Amino acid sequence: MGKCMIIGCGGVASVAIHKCCQNSEVFEGIMIASRTKSKCDALRDKLQPTTKTVIETAQVNADNVDELVTLINSYKPDVVLNLALPYQDLTIMDACLATKTHYVDTANYEPLDTAKFEYKWQWAYREKFEQAGITALLGSGFDPGVTGVFSAYALKHEFDEINYIDILDCNGGDHGYPFATNFNPEINIREVSAKGSYIEDGKWVETEPMEIKRVYNFKGVGKKDMYLLHHEELESLALNIKGIKRIRFFMTFGQSYLTHLKCLENVGMTSIEPIMYEGREIVPLQFLKTVLPDPATLGARTVGKTNIGCIFRGKKDGKDKTYYLYNICDHQECYKEVGSQAISYTTGVPAMIGTMMIMTGQWNRAGVYNIEEFDPDPFMKALNEWGLPWEEDFNPTLVD
Ligand code: NDP
């Protein structure tokens with residue numbers, strides 16, 4: 001049906017690429033283009049014998065718009081799937097505009113020098129994408145991503161209005177290391193060491209990092225401590241879901257992770273301010289990333305499950321209603337299927353599905369959109385078909 005260029009070849013990209021190769025009817029050709037071409041070649045050599053999808057590879061610096069434009073013009077993909085880092089979102093969007101190619105990503109733009117992620121930079125491209133007649137689908141991972149699709153589905157089928165959403169992201173996996181992150185360490189630590197926040201009555205309420213703690217009993221995992229974090233989909237869901245009064249995001253963390261993080265913070269290792277070291281400027285957090293385990297190598301040793309979903313409270317036919325939609329994913333099952341742990345899997349599968357929605361024309365609107373702005377039904381069906389089946393609970397325990 002078409003061709004896709006995937007930028008980046010890390011943990012999430014590896015899963016998305018496996019899934020595109022399982023879906024050759026839609027993905028007739030893919031180009032894996034990343035900073036380190038040897039990683040792209042290794043994945044092509046592994047997967048090409050198993051799939052009809054024709055895999056090509058290329059080296060690209062995604063910070064450079066001209067390089068991207070030249071590569072896109074030479075391969076002529078229908079869609080560019082950005083699975084590099086949030087820092088590259090705008091350069092890749094610029095290259096998509098210049099070549100009139102659809103764009104999909106899983107994380108919103110974040111400037112390298114401020115750990116502040118918000119949609120304003122990407123939303124500013126709306127008119128330009130409309131005029132070019134192309135689509136930018138923002139946030140097609142799990143959270144953001146599936147959480148937005150869940151919200152759109154709940155509003156379409158279960159509620160007249162949704163007043164409260166709690167997004168609960170539980171990772172019950174154990175990789176056996178005292179400290180490691182499940183996706184890019186730099187992005188992960190920037191996210192969890194930032195102040196927490198949630199939206200109430202249209203306004204952001206800020207908290208200290210990890211200030212708000214709750215305990216929740218997750219199906220498939222058990223009781224876990226979870227902490228309120230700032231998360232990017234709060235910003236778009238508060239605008240796009242009718243009736244929202246409050247929306248919060250909680251993520252589980254084990255005590256060992258938190259103790260290590262606090263210690264690293266206390267000694268300055270999580271700082272993004274450059275410092276001089278032996279005559280050379282280095283960023284402490286980037287140095288820390290190089291000594292931590294590579295998340296792409298955690299798959300073989302991670303056991304346990306993830307449970308990620310949304311608890312909705314609102315009104316249906318004038319009555320109060322609660323509804324919980326979630327997915328449970330098993331780290332070892334993911335590893336058996338695609339050689340990755342469940343955090344990469346739960347992000348890479350929706351990245352493939354979002355791209356498929358655009359390639360097949362099921363989602364077809366020029367402009368820049370967050371995922372909850374599209375019809376959730378074909379995406380929900382695809383989740384069940386491509387490895388992330390969802391479950392529902394009409395009487396969930398609520399978070400106070
Ligand atoms: P990784 O660090 O494993 O992979 C990033 C890849 O991008 C690497 O292959 C890297 O190249 C490549 N890359 C980085 N900079 C450039 C550049 N300038 N030009 C070309 N390629 C580049 O990260 P993850 O796979 O863990 O995460 C990928 C994305 O997914 C991130 O944006 C992350 O925020 C997002 N994410 C989203 C989630 C969601 O649920 N929505 C959950 C988890 C992650 P090299 O191999 O040379 O390092």
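Just so you know, these numbers come straight off a predicted model, no measurement behind them. Start at 1 and go down the list; that is how both ligands and their atoms are numbered.
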Taking 4.0 angstrom as the limit and counting only heavy atoms of [X], give me the atoms of ligand 1 inside it, by number and element.
X: Val60; value: 19 (N), 20 (C)
X: Asp63; value: 18 (N)
X: Ile187; value: 34 (O)
X: Thr36; value: 45 (P), 46 (O), 47 (O)
X: Cys9; value: 6 (C), 8 (C), 9 (O)
X: Gly11; value: 3 (O), 25 (O)
X: Leu85; value: 5 (C), 23 (O), 32 (O)
X: Lys39; value: 45 (P), 46 (O), 48 (O)

Do any N/O atoms on [X] end up under 3.5 angstrom from N/O atoms on ligand 1?
X: Val12; value: yes
X: Pro144; value: yes
X: Ala107; value: no
X: Gly10; value: yes
X: Ile7; value: no

Tell me which protein heavy atom sits closest to [atom], plus the residue, atom name and distance to 0.1 Å.
atom: atom 22 (C) of ligand 1; result: Arg35 CB, 3.9 Å
atom: atom 19 (N) of ligand 1; result: Ala62 N, 2.8 Å
atom: atom 2 (O) of ligand 1; result: Asn184 ND2, 2.7 Å
atom: atom 41 (N) of ligand 1; result: Thr106 O, 2.9 Å
atom: atom 28 (C) of ligand 1; result: Ala84 O, 3.4 Å
atom: atom 12 (C) of ligand 1; result: Ser34 OG, 3.6 Å
atom: atom 44 (C) of ligand 1; result: Phe183 CD1, 3.6 Å

Tell me whether [X] forms a cation-pi arrangement with [Y], defined as NZ or CZ under 6.0 Å from the six-membered ring centre and within 45 degrees of its axis.
X: Lys156; Y: Tyr153; answer: no
X: Arg313; Y: Tyr164; answer: yes
X: Arg214; Y: Tyr227; answer: no
X: Lys224; Y: Phe218; answer: no

Regarding [X] and [Y], does a basic nitrogen lie under 4.0 Å from an acidic carboxylate oxygen?
X: Arg190; Y: Glu110; result: yes
X: Lys213; Y: Asp225; result: yes
X: Glu28; Y: Lys52; result: no

Side chain, backbone, both or neither: Thr347 near ligand 1, heavy atoms under 4.0 Å:
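Answer for Thr347: side chain.
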Just to be sure I read this right, does ligand 1 sit under 4.0 Å from the backbone of Thr346, its side chain, both, or neither, counting only heavy atoms?
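Within the 4.0 Å criterion, Thr346 makes no contact with ligand 1.
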Original post:
Do the rings of Tyr257 and Phe253 sit parallel, tilted or perpendicular, given the 30° and 60° boundaries?
Top reply: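 Taking Phe253 first and then Tyr257, their aromatic rings lie parallel (interplane angle under 30°).
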Straight-line distance of Thr252 OG1 to Ile308 CD1, nearest 0.5 Å:
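With rounding to 0.5 Å, OG1 (Thr252) is 9.0 Å from CD1 (Ile308).
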Tightest non-hydrogen contact, residues Ala13 and Leu83, listed as CA-CD1, 3.6 Å
query = Just checking, any donor-acceptor pair under 3.5 angstrom between side chains of His157 and Asp377?
reply =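 Looking only at side-chain atoms, Asp377 and His157 do form a donor-acceptor pair, the distance falling under 3.5 Å.
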Ring pair (Phe, Tyr, Trp, His ring centres under 6.0 Å) with Phe379: of Trp390, Trp386, Phe374, Trp363, only one passes, and it is Trp363
- Residue that, paired with Asp160, satisfies salt bridge (Lys or Arg N to Asp or Glu O under 4.0 Å) out of Lys319, Lys316, Lys315, Lys321: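 With Asp160 as partner, salt bridge (Lys or Arg N to Asp or Glu O under 4.0 Å) holds for just one option, Lys316.
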Does ligand 1 have any atom that is closer than 4.0 Å to a heavy atom of Pro295?
no
_Who clusters with Met1? Use side-chain heavy atoms, under 4.5 angstrom, across I, L, V, M, F, W and Y, and order the result by chain and number._
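Traced through the cluster, Met1 reaches no other member.
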